[in-house]
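Below, chain A is the first sequence line, B the second, and so on; all start at residue 1.
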Protein chains: 2
Amino acid sequence: MDLFRTNGFDGTTMRGIADGAGVSLGSAYYYFSGKEHLIQAFYSQMQDDHLAAARKVLETESDFAARLRGVLTVWVDVAAPYHEFAGTFFKNAADPTSPLSPFSPESADARAASTAIFRDVVEGSDLKVASSLRPRLPELLWLLHMGVVLFWVHDRSPRQERTRTLVAGAVPLIDKLGRLSRVPVVRGVVNDVVALLDSFDD
Amino acid sequence: MDLFRTNGFDGTTMRGIADGAGVSLGSAYYYFSGKEHLIQAFYSQMQDDHLAAARKVLETESDFAARLRGVLTVWVDVAAPYHEFAGTFFKNAADPTSPLSPFSPESADARAASTAIFRDVVEGSDLKVASSLRPRLPELLWLLHMGVVLFWVHDRSPRQERTRTLVAGAVPLIDKLGRLSRVPVVRGVVNDVVALLDSFDD
DNA sequence: GCCCCGAGTTGAACGCGTTCAACATTTGTG
DNA sequence: CACAAATGTTGAACGCGTTCAACTCGGGGC
């Protein structure tokens, strides 16, 4: 971890890692199938930290907007230490053939765990949305989360303030949009959107 | 191009490229600063092809939905030959430190050219949207395009049919949403969204 | 005591992307 | 024409991720 933080992902060598761990190069490969595998460790560590931090938020907040904002903001906090080399980190995750991709079958568990957080965000709140939309909301919020992550990766502002501002600004809009989804004129389009999502469920 | 198509990005070696071109390894590096640079060639080639194909669509269609759908579908057509190794292609593009990232300063020109297509899509049509939204629409459609690209990269269906279905299904919704944006209740939220976008224009 | 098996360890070796000092060729100038 | 500067060209060399045949070693089975 120190090596990655100091030298970045590409700057850190397997030989350096082996040396640092006091083992030979070959032994490093005995325990980790490759350099990518080391990222997995980060990935699930971050996920666990986020889950724990999110739970704390969800214990204290009951308002939907506050819950959503809390969960998203807390992710920025948890991910902050890794921001510097998050680029090369997510570079590998963007490869659809990589098991690290958030859309890959191998990530299904992690994705489900993450979606569960957002299900909790919705279900523990008093949010009222169009009935057709409700069951789709957790995965849509997860997608929003992925969008925030993408923004965060490209965010060069100190302490990732821009990402925090984005979350603070976007969440009330999501909240409003949720309410709006029940208005008759809007509900029609919302139902269409949900129908489109359903059609991709094979 | 043949080599990339046959062996994928990682499977293609600079030595192989040099051999195939009948020059030495060193010469390959004289003309291309690195393997990444070769992707740039694809990138702009595809962009040019898309621009040309999009223009043809925009010459014949006047309805907004038809124009948008045409431009997006035509991209899938243009990109189809490269779909196999598009993964490793976009893997590098996802790195925010890479000049290949669609959000990087180096891609500003390409991004502007692409956004211009969508400006044409909007301005050449009879679309009526909330006045505040209109100037933002081109970049929002470009963002939609990036979403389609992301979906396309992960699309394993033959001939990328799923992506085409997505476009066919999503475009009418965008169209409806555009109309909806003028309805008083909705307009408020739309204005808020635009205000949020504006606030990130520093 | 002996043997063996499997878990753990090692560093040489491979192919890769990339760099670079040396060389070859073309172009411009007197 | 000469000859220097600019423009190409080359393959050896470097460091990297990764592989693998050879090795060490502890602890059962007889």
Side-chain angles (χ1 to χ4, degrees), chain A residues 1-46 82 84-101 104 106-107 153, chain B residues 1-46 82 84-102 104-107 153:
Chain A
M1 283 204 175
D2 285 346
L3 288 174
F4 275 125
R5 201 134 30 185
T6 312
N7 311 318
F9 183 72
D10 289 334
T12 304
T13 71
M14 288 299 285
R15 285 168 178 80
I17 291 169
D19 279 0
V23 296
S24 73
L25 179 60
S27 270
Y29 276 91
Y30 185 78
Y31 291 101
F32 294 93
S33 61
K35 211 178 174 185
E36 249 198 0
H37 189 90
L38 291 165
I39 301 183
Q40 272 284 29
F42 272 111
Y43 200 77
S44 46
Q45 166 95 38
M46 244 177 65
Y82 315 119
E84 285 171 64
F85 64 93
T88 41
F89 177 105
F90 281 94
K91 167 180 163 177
N92 291 56
D95 180 359
T97 66
S98 161
L100 286 164
S101 163
S104 76
E106 291 87 346
S107 299
V153 167
Chain B
M1 282 204 178
D2 286 345
L3 288 173
F4 275 124
R5 200 135 30 185
T6 312
N7 312 318
F9 183 71
D10 289 335
T12 304
T13 69
M14 288 300 286
R15 285 167 179 82
I17 290 170
D19 279 0
V23 296
S24 73
L25 180 60
S27 271
Y29 276 93
Y30 185 78
Y31 291 101
F32 295 92
S33 62
K35 211 179 174 184
E36 249 199 2
H37 190 97
L38 290 165
I39 301 183
Q40 273 284 29
F42 271 111
Y43 200 77
S44 46
Q45 165 97 38
M46 245 177 64
Y82 315 119
E84 286 171 63
F85 64 92
T88 43
F89 177 106
F90 281 93
K91 167 180 163 177
N92 291 55
D95 180 359
T97 66
S98 161
L100 287 164
S101 164
S104 75
E106 291 88 346
S107 299
V153 167

May I have the distance from [X] (atom [atom1]) to [N] (atom [atom2]), rounded to whole angstrom?
X: B/Tyr29; N: C/dA21; atom1: OH; atom2: P; result: 17 Å
X: B/Asp19; N: D/dT10; atom1: CG; atom2: P; result: 11 Å
X: B/Met14; N: D/dT10; atom1: CE; atom2: C1'; result: 14 Å
X: B/Leu38; N: C/dG17; atom1: CG; atom2: P; result: 10 Å
X: B/Phe9; N: C/dG17; atom1: CZ; atom2: P; result: 8 Å

Q: May I ask you to verify whether the side chain of A/Arg15 and the base of D/dG15 hold a donor-acceptor pair under 3.5 Å?
A: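 For A/Arg15, whose side chain was compared with the base of D/dG15, there is no donor-acceptor pair (under 3.5 Å).
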Q: Would you mind classifying the nucleic acid contact of B/Gly26 as base, sugar-phosphate or nothing, using non-hydrogen atoms under 4.0 angstrom?
A: base
Q) How would you label the contact of A/Ser24 with the nucleic acid (heavy atoms, under 4.0 Å): base, sugar-phosphate, or nothing? A)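 Answer is base: heavy atoms of A/Ser24 come under 4.0 Å of a base.
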Without placing hydrogens or testing angles, list every side-chain donor-acceptor pair under 3.5 Å for residues 17-29 of chain A, not counting sequence neighbours.
from	atom 1	to	atom 2	distance (Å)
A/Ser24	OG	A/Ser27	N	3.3

Q: Compute the bend angle of the helix from C/dG1-D/dC30 to C/dG30-D/dC1 from the end axes (five pairs per end), rounded to 10°.
A: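 Roughly 20° between the end axes, to the nearest 10°.
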Q.
Within a 6.0 Å radius of atom CD on A/Glu36, are there more than 12 heavy atoms belonging to other residues, nucleotides or ligands?
A. yes
Between [X] and [Y], is any pair of side-chain heavy atoms under 4.5 Å apart?
X: B/Arg5; Y: B/Tyr82; answer: yes
X: B/Met14; Y: B/Leu38; answer: yes
X: B/Tyr31; Y: B/His37; answer: no

Q: Can you see which heavy atom on A/Ser101 is nearest to which on A/Asp95, and at what distance?
A: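 The pair with the smallest heavy-atom distance is CB-O, 3.5 Å.
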Q) Are the aromatic ring centres of A/Phe4 and A/Phe42 under 6.0 angstrom apart? A) yes
Q) side-chain contact (heavy atoms from CB on, under 4.5 Å) between A/Ile39 and A/Phe9: does it pass, once the steps are laid out? A) CA-CA 9 Å; A/Ile39 301 183; A/Phe9 183 72; 3.5 Å; yes
Give every pair of a protein N or O atom and an N or O atom of nucleotides 5-8 of chain D that lie under 3.5 Å apart, one pair per line with the distance.
from	atom 1	to	atom 2	distance (Å)
D/dG8	O5'	B/Tyr30	OH	3.3

